[in-house]
Number of protein chains: 2
Amino acid sequence: MARSVEFNEEAAIQKAMEVFREKGYNGASLRDLTEAMQINSSSLYNTIGDKQELFIRAAKHYIDMRKRELDERAAADKPALEILKQYIADSVTNIVSETHGCMAVKMAFEMATSDKRVINVLKKDSQNQYEFVRKHIALAMEQGQLDNEESPELLADYFISTWTGWNESYILHKDVDKIERMARYFIRQLSK
Amino acid sequence: MARSVEFNEEAAIQKAMEVFREKGYNGASLRDLTEAMQINSSSLYNTIGDKQELFIRAAKHYIDMRKRELDERAAADKPALEILKQYIADSVTNIVSETHGCMAVKMAFEMATSDKRVINVLKKDSQNQYEFVRKHIALAMEQGQLDNEESPELLADYFISTWTGWNESYILHKDVDKIERMARYFIRQLSK
DNA sequence: CCAATTTTAAAACAAACGTTTCAGAATAAC
DNA sequence: GTTATTCTGAAACGTTTGTTTTAAAATTGG
């Protein structure tokens with residue numbers, strides 16, 4: 001038998017994800033990546049594969065994190081509308097704290113226009129978010145906390161597409177108030 | 001005196017813009033660009049400058065186009081609400097026809113997180129869109145076609161941030177109906 | 001402790017990158 | 001038509017890119 005892998009693969013992928021998020025796929029060089037991951041390129045190619053494969057792994061790692069967050073939210077013992085409002089509030093917090101924008105969105109615009117595998121990873125994430133929101137909107141309607149004039153399906157689609165624009169706005173204007181005003185308006189409209 | 005520049009600079013920049021839109025900044029090589037522009041790199045460096053400069057010029061060209069479109073819309077002899085609805089309808093058409101997503105959005109997520117000059121170009125564009133929308137919302141309110149419960153400023157911010165998310169949705173799902181449903185919902189909400 | 005096997009670090013790889021050079025073609029003013 | 005100047009095309013520049021090779025260090029089971 002022989003020695004086993006020395007580095008922590010998940011920690012390395014986490015580091016790679018951060019580099020990709022900061023610089024994008026094309027902007028991140030193998031040297032940037034291996035330096036952050038603290039491994040040699042030979043180890044990378046032995047255990048994970050090439051740059052594309054590493055990116056896919058980083059992307060999957062990212063959406064797995066997001067899925068786990070959703071599951072935790074869903075497990076909370078609160079009215080559905082409260083869970084949704086918390087989800088919105090946390091989305092705002094994410095937007096105004098991440099210096100480089102949401103990674104899923106960055107990936108969508110840099111990579112998903114050309115790479116089928118990236119599209120599929122992001123579609124999975126989009127479905128996760130959609131299903132979470134749709135379910136809680138339906139629940140809130142059943143609980144009489146939300147008007148059921150519109151379908152939960154439409155509202156869920158509309159819901160999850162909304163953050164993306166706020167993200168862009170914050171990248172350009174760095175105006176926290178602006179984002180919070182839009183969020184309050186969004187919630188106001190929802191309850192109408 | 002000596003000979004004058006042979007190639008059409010604006011046409012060349014237009015071509016460069018298309019390449020940048022398709023491949024992004026880092027994804028577009030100088031060879032891609034000069035081939036599309038049909039000029040030699042020496043001519044490029046003589047007349048325009050390096051890759052960064054070319055990108056800024058392409059970005060400015062793009063937002064100039066968009067500004068001209070807004071001015072044409074504003075000149076139309078129609079009620080303000082009609083102009084806004086047309087603006088929304090055309091945004092939807094743009095989203096579902098552009099294969100590579102809106103260039104302003106792509107730039108925002110790939111470049112604006114790190115490049116100040118790009119931020120400034122995009123802020124200008126954002127202000128143009130904002131001012132157009134704000135003005136017509138205010139007009140529509142004066143004309144009694146729109147509820148004036150919310151401020152035109154807030155609504156305008158919300159307005160222009162909305163398309164971005166629809167763009168991402170379309171990149172992932174390629175679902176025209178989904179976008180159109182969201183657009184109809186958006187208009188419904190606006191008139192409430 | 002040995003033998004088998006795998007991981008690692010460092011160097012090397014060709015290809016592609018953005019940019020510059022340079023000689024010759026082209027043009028405008030006289 | 002000559003001259004002065006500038007533009008153009010092709011080749012070359014040194015770096016950096018993603019990836020592979022190589023040989024030594026490391027670890028495990030017997």
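Treat the numbers as computed from the prediction; the structure is a model and nothing was measured. Letters A, B, ... are given to chains in the order of the sequence lines, protein chains preceding strands, and every chain is numbered from 1.
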task: Kindly indicate whether a cation-pi arrangement holds for A/K51 with A/Y25, taking the cut-offs as under 6.0 Å to the six-membered ring centre and within 45° of the axis.
output: yes

- prompt: Taking the six-membered ring of A/Y62, is NZ or CZ of A/K106 closer than 6.0 Å to its centre and within 45° of its axis?
  reply: no

field: Rounded distance in Å - CG (A/D50) to C1' (D/dT21)
entry: 17 Å

task: Take the protein atom NZ of B/K23 and the nucleotide atom C1' of C/dA16, then report the distance between them rounded to whole Å.
output: 13 Å

query: Less than 4.0 Å between a side-chain N and a carboxylate O, is that true for A/E153 and B/K178?
result: no

message: Please report the distance, rounded to the nearest Å, between CG in A/L54 and P in D/dT19.
response: 10 Å

field: Check: A/M182 main-chain N/O paired with B/Y158 side-chain donor or acceptor under 3.5 Å
entry: no

query: Nearest-Å distance, CZ (B/F7) to P (D/dT6)?
result: 16 Å

query: Between atom CD in A/E53 and atom P in D/dG18, what is the gap in whole Å?
result: 16 Å

- request: Report the distance from atom CD1 of B/I48 to atom P of D/dC7, rounded to the nearest whole Å.
  value: 13 Å

field: Salt bridge A/R134-A/E131, side-chain N to carboxylate O under 4.0 Å
entry: yes

B/D32 vs B/S29, side-chain hydrogen bond (donor to acceptor under 3.5 Å, both in side chains): CA-CA, chis, key distance, verdict: CA-CA 5 Å; B/D32 293 334; B/S29 75; 3.2 Å; yes

query: Over how many whole Å does the gap from A/N46 atom CG to D/dT22 atom P extend?
result: 14 Å

message: Quick check on contacts: within residues 30-45 of chain A, what sits under 4.0 Å from DNA chain C by heavy-atom distance?
response: A/R31, A/N40, A/S42, A/S43

